[in-house]
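See structure below.
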Amino acid sequence: MIDFETPAEIGKRLEFVRRVACEKMRPQARHYDEHEHEVPWDFINLMWDTALKTGQSFRSGAQRPDQGPSVASTALVHIIESLSWGDAGIYLCGPGAGLGGAAIEATGTKEQKERFLARYREGKPKWASMAMTEPHCGSDTAAIRTTAVRDGDHWVLNGEKIFVTSGHKSLIDSEGLSVIWATIDPSAGRAGIKPFVVEAGTPGLKVTKLEHKMGIRASDTASLVLEDCRIPLDNLLGSAEVVDRTKGFKGAMATFDATRPSVAASALGIARASIELLKDLLAQEGITIRYQAPRNLLSAIERDVVDMEAQLRAGWLLTLKAAWLMDQRRPNTVEASACKVKAGDVVTKVTQKAVELMGPLGYSRKLLLEKWMRDAKINDLFEGTGQINRLIIARRLLGYSSAQLK
Amino acid sequence: MAAFEPSEEQQMFIEAARKFASKELRQHAREADEHGDLAGTVLAGGWELGLLQASIPEQYGGFGERSAMTGVLAAEELAWGDLSAALALSAPNLVAFPVLLCGNDDQKAQILPHFCSDAYAPASAALIEPRFDFDSTALKTTATRSNGDFVLSGAKCNVPFAAEAEWMIAYAALDGKTEAFLVKKGTGGVTVKDREQNMGMKAVPLYSVDFHECRIPASQRLGGDRGTDFALLLNCSRAALAAMAVGVARGAYEYALDYAKNRQAFGEAIAQRQSIAFMLAEMFVDIEAARLMIWETAWLLDEGRDATRAACLAKNFADEMALMVTDRAVQILGGHGYIRDYPVEMWLRNARGFAVMEGIAIV
């Protein structure tokens, strides 16, 4: 039965999150934008302590593998949307298993999930990052050059990773870990690419650089260098003994199925913030939106706002559907890419339009509209560019392999 | 508890409507468009689906309850088959649903049994006015009180089945507010003029209608003294037309996808080129999004909650989406898309109508 009611158990968690977004994030947004790489510890500690107390991380929609349908992913996208409404950069600093955790959830064995994820339920704040992109390859993940070579009871990793979100926090600021995608056989292409867990403090792994970015400046985006980095054999996610040549890259794709709705939700939180502020400012000037009036009689501003709101709703419902499918434990590859495509487009255009509509006020750093426009753009880039996600959708719709539709 | 797909029962209903649309509507669509006429068999066959009877309670001769959700599910499927046929088949709703939603007991008893017979009987709604600045919430057609009656005056256009319908609802401004009046065929002061000559939706008969001091008894004011919740009717209308826009768009998308996989250029299918494949991906995404927005609107309506904003956003999004999708379908077919041997140019012409039309369908 088609039903759009928000599950009741999400409501209470959202109340807390909305208060945090309002009181702890939004007032700090400009500060952390202007003090790049400064770590928002107040926010981090609050979220970490709350997660420990409630037993519910706000960074992970972790589902117990043996249970039936849940609302974990739906809750997660709601929470992320609200936090990103507060501030997307600060949200990305949120402690917890996050992106690396999603990779472990998607590819790890039961034992590995326990071994690597238990730390996110105790002690001090910790992060888990995921390292895919390399200096020479982004969307073309099959071209990864970082290698993993077996040496007795160890894997030895060598290579360089860039654009690792929370790389510094996961490896330097906390006793966390990073999931490193590396190839065990460069001649095997996609089939040789596997996820490896490298824990903080492992010799041979260095954080070499923090990027300076257009937006989401509170979030650290790190470069990693692996030099003869030795890790235990069973840090290869999946199975340490039997290396299945068909499964490696599928794990990466399964990770994205889980994380793309989260990125979409974050994007749409920014979009909603922009639209709400825009409407407030317009209302102060006596301009309200007439939802009943015919389209051709709306003023240019009204029409822009209606379109922005419609696009936002479109993106949000696609996101909810992708999360809902995950909660139903059903495939959601197309839907995950669809919501990511839409949300990436929507937040980019909505925030740019909001700056335009407010004129010089929109362009000024006195308001957050210009910041949100800078924050927005990353959502059309990371976790799969808009183009890569279009490719994934199109291949599915057309029934084409990656060789048939390049 | 959220759920983003139809129940088993709803899915069976969709399948039945889809089968009918595929077997009966699609094949007649081009001929109907060329001749401006729907085959009588199409309407008779569509009536056998029993969509409207299933929305009317037993006490009035039907066998069910109205549901906006069922309405939008049906509207998408029928419009996928042929928009003109979808509009014609749902024309009886134009009187039946406002009476169900806003009518008083006497009006329900008087009107609803009329729509529960075995034969298709069209009905009509006179809402749109022939002006660029037509606004359904600020009509120029007026209703004034006179000796206990109402007197209607004004010009209407795009009135479906005005010449054929036994009952019509005429919308007019009463004290500055849009109200609805039940008008029986043959009422004095109503002049049905020429058939409209529009760019698309050509097979559904739309007419210009003049109201000149048309006297309507007070008992025929919809809702009696309480009047009409026009905002509700407008929201229901927007949901219906938006769902039809999705149906038209989905038809065009599927056709273009199929064509792109078969059409060869430069030694491979054109769908193997990103410029074509990405267009198809974007068409698919926006169709999916529009459908969810319409379902949300229908869900709000069935829950009895305010759907004004949702309906506005869904309608705006679906109108633009349908235009984008059908335009791209023509583009993907290239020169062939412009030729009337193929259906896509008709779908583009039909899609342009959605933003212009208000109130010619309702769920």
Is [Y] paired with [X] through a side-chain N to carboxylate O contact shorter than 4.0 Å?
X       : Y       : answer
R295(A) : E358(B) : no
E288(B) : R291(B) : yes
K177(B) : D175(B) : no
R390(A) : D345(A) : yes
E5(A)   : R305(B) : yes
D380(A) : K377(A) : yes
D319(B) : K315(B) : yes

Atom NZ of K349(A): over 12 foreign heavy atoms under 6.0 Å
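12 or below, so no.
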
Counting heavy-atom pairs under 4.5 Å to chain A, which of [options] comes out on top?
options                            : value
A310(B), A271(B), A290(B)          : A271(B)
R309(B), Q10(B), E320(B)           : R309(B)
R273(B), K261(B), E268(B), M321(B) : K261(B)

Between L312(A), T74(A), L391(A), L325(A), which shows the greatest number of heavy-atom pairs under 4.5 Å with chain B?
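Of the candidates given, the most pairs with chain B belong to L391(A).
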
Residue selection (most heavy-atom pairs with chain B, distance under 4.5 Å) from R395(A), R330(A), R396(A)
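When all of R395(A), R330(A), R396(A) are compared, R330(A) has the most.
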
Chain B contact via E335(A) - side chain, backbone, both or neither, heavy atoms under 4.5 Å
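The answer is neither part of E335(A).
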
Relative to chain B, which segment of L398(A) carries a heavy atom at a distance below 4.5 Å: side chain, backbone, both, or neither?
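Contact with chain B involves both backbone and side-chain atoms of L398(A).
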
Checking [X] against chain A: side chain, backbone, both or neither under 4.5 Å from a heavy atom?
X       : answer
Q11(B)  : neither
W299(B) : side chain
A311(B) : neither
L292(B) : both
Y253(B) : side chain
E9(B)   : neither
L300(B) : neither
R238(B) : side chain
M293(B) : both
D286(B) : side chain

Determine, for Y259(B) and R263(B), whether the Lys NZ or Arg CZ falls below 6.0 Å from the six-membered ring centre while staying within 45 degrees of the axis.
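Geometry flag: not set, cation outside 6.0 Å or 45°.
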
Applying salt bridge (Lys or Arg N to Asp or Glu O under 4.0 Å) to K12(A) and E15(A), what does each step give before you reach the verdict?
CA-CA 5 Å; K12(A) 194 150 188 220; E15(A) 267 176 44; over 6 Å; no

Counting distance only, does the side-chain N/O of H78(A) pair as donor-acceptor with the main-chain N or O of R13(A) below 3.5 Å?
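No: the side chain of H78(A) does not pair with the backbone of R13(A).
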
